[in-house]
Amino acid sequence: MNLAAIFGCSGPVLTGAERDFFRAAQPWGFILFARNIESAEQLRKLTADLREAVGWNAPIFIDQEGGRVARLRPPLVRDWTPPLEMACAAGPNAARAFWLRYRLIAAELLSFGIDGNCAPMADMARADTHPFLRNRCYGEELQDVIANARACAEGHLDGGVLPVLKHMPGHGLARVDSHLDLPRVEIDAETLSNVDFAAFKALSDLPLGMTAHLVFEALDDRPATLSPKMMRLIRQDIGFDGLIMTDDISMGALSGTVARRSEKAIAAGCDVVLHCNGELDEMESIANVCGDLTEQAEVRAERALAQRRSPSDIDISALEAEFSSLLNG
């Protein structure tokens, strides 16, 4: 059995203490950040070492949206404009541009041994969406967000990389940065159902999802990540039956120790706790409380991993040329 957790590590090389901890704890997966990346050769060794530590082909994730949120940077990979700017530039060709963008990103990630990406985002951009999120969104209209997020997910899957749908059940109404504070959404339940939640409902067949650390005051007074009511809404009303990971459990939106947050998240209905900062003592405290994947979570995890497939053959130059033509008229 695997621990119901996805962990980071502290630097570009796995330490002996981390290796021993991962071997004993058996987290379900790993996540990488800029602090873990120095060169192509080093990164390939790190991903191999992480899998060797747990003794199986564990999924390794990253946040590589392109634009402001990109843990990998040139010269290792391509640079990209923020998604919302790209969607505007591509106009009616946006969905195709999103597929091309994320098929190319998937090829980059897989070349380093990374087979999961924290994208697509189906958060609805509003005029007052907090700047930490707004230009990362895929559109301001529901059908555009759905089409572009679907294309992003398919580009990943075609490239052998698992997409993670975020931030469930919708982060676009946040007016503060959840890395620092807890956003509170005051909009009515009907609007949430017809707009924000509807985007995720249309994508509910995707293999993996990530929660949002924000309060929907019309529905509950707890952050969605820690709310049994909101997790039931995601499962029943939205209909998502993929593996659900928390957003980073150490973010400033949540209060209490990371261990207590993790307990609450699992109790609320999250399948896996995501912990990103690589602090070993925090990971040890989470491992002591979150337990192994539940039977249902294990089924969802196996179903998600079954969608890892050999990438389709592509002509990189041809895809790059088509992408450039779409954005340049």
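Residues G159 and A106 approach most closely at CA-CB, 3.9 Å, considering heavy atoms. Residues P120 and P163 share a closest heavy-atom pair of CD-CB, 3.8 Å. Taking every heavy atom of both residues into account, I146 and A199 meet most closely at CG1-CA, 4.0 Å. Residues T225 and C270 approach most closely at O-SG, 3.5 Å, considering heavy atoms. Residue L182 comes nearest to A253 through the heavy atom pair CB-O, 3.4 Å, listed as atom of the first residue, atom of the second, then distance. Of all heavy-atom pairs between L203 and A122, the closest is CD1-CB, 3.8 Å.
Atom SG of C118 is separated from atom CG of L274 by 6.5 Å, given to the nearest 0.5 angstrom. Note that CG of L110 is 11.0 Å distant from NE2 of H156, once rounded to the nearest 0.5 Å. Residue F61 holds its CZ atom at 4.5 Å from CD1 of I6, rounded to the nearest 0.5 Å. To the nearest 0.5 Å, the span separating OG on S10 from CZ on F33 amounts to 13.5 Å.
V273 is connected to L162 through a chain of hydrophobic side-chain contacts under 4.5 Å among Ile, Leu, Val, Met, Phe, Trp and Tyr, so both are in one cluster. Note: the hydrophobic cluster containing L100 does not contain V145 (ILVMFWY, side chain heavy atoms under 4.5 Å, direct or indirect links).
Screening T294, V299, L293 for a side chain to side chain contact (heavy atoms under 4.5 Å, CB included) with Q296, the sole residue that qualifies is T294.
In the model, D271 has no side-chain atom that pairs as donor or acceptor with a side-chain atom of W28 under 3.5 Å.
Few gaps surround CD on E284; more than 12 heavy atoms of other groups in view lie less than 6.0 Å from it. The environment of CD in E141 is sparse: at most 12 heavy-atom neighbours from other residues, nucleotides or ligands sit within 6.0 Å.
Taking the six-membered ring where tryptophan is involved, the planes of H179 and F132 are perpendicular, since the angle between them exceeds 60° and thus also 30°. Ring-plane geometry between F98 and Y138 is classed as tilted, the angle between the planes lying from 30 to 60 degrees on a 0 to 90 degree scale.
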Taking only distance into account, with no hydrogens and no angle test, what donor-acceptor pairs under 3.5 Å do side-chain atoms of residues 77-86 form with protein atoms, sequence neighbours excluded?
from	atom 1	to	atom 2	distance (Å)
R78	NE	E320	OE2	2.8
R78	NH1	E108	OE2	2.6
R78	NH2	E320	OE2	2.8

- Task: Please lay out, stage by stage, how I316 and L104 fare under the test side chain to side chain contact (heavy atoms under 4.5 Å, CB included).
- Result: CA-CA 7 Å; I316 294 288; L104 291 167; 3.8 Å; yes
- Task: Run the numbers on L32 and L46 for side chain to side chain contact (heavy atoms under 4.5 Å, CB included), then give the verdict.
- Result: CA-CA 10 Å; L32 300 178; L46 177 60; 4.0 Å; yes
- Task: Determine, step by step, whether D248 and I31 satisfy the side chain to side chain contact (heavy atoms under 4.5 Å, CB included) criterion, reporting the C-alpha distance in whole Å, the side-chain angles of both residues, the deciding distance to 0.1 Å, and the verdict.
- Result: CA-CA 10 Å; D248 180 10; I31 189 164; over 6 Å; no
- I62/I37 under side chain to side chain contact (heavy atoms under 4.5 Å, CB included): CA gap, chis, key distance, verdict: CA-CA 11 Å; I62 198 166; I37 299 162; 4.1 Å; yes
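Judged by distance alone, the side chain of Q64 and the main-chain N or O of L72 form a donor-acceptor pair under 3.5 Å. No donor-acceptor pair closer than 3.5 Å links the side chain of R103 to the backbone N or O of L319. No donor-acceptor pair under 3.5 Å is formed between the side chain of D292 and the backbone N or O of M1. Using modelled atom types, no side-chain atom of R308 and backbone atom of D115 make a donor-acceptor pair closer than 3.5 Å.
Residues D63 and R136 are not paired through a salt bridge, judged by the lack of any N-O separation under 4.0 Å between the basic side chain and the carboxylate. Electrostatic pairing of D220 and K229 does not count as a salt bridge here, judged by no charged N lying under 4.0 Å from a carboxylate O. With respect to D128 and R134, no salt bridge is recorded, no charged nitrogen being found less than 4.0 Å from a carboxylate O. For the pair R101 and E65, the salt-bridge criterion is not met [side-chain N within less than 4.0 Å of a carboxylate O]. D205 has a carboxylate O that lies under 4.0 Å from a charged side-chain N of R150, or vice versa, which qualifies the two as a salt bridge.
The closest side-chain heavy-atom distance from F22 to M283 is below 4.5 Å.
A salt bridge (charged side-chain N to carboxylate O under 4.0 Å, His left out) check over residues 30-47, counting only residues at least two apart or in different chains, returns the pairs K45-D49.
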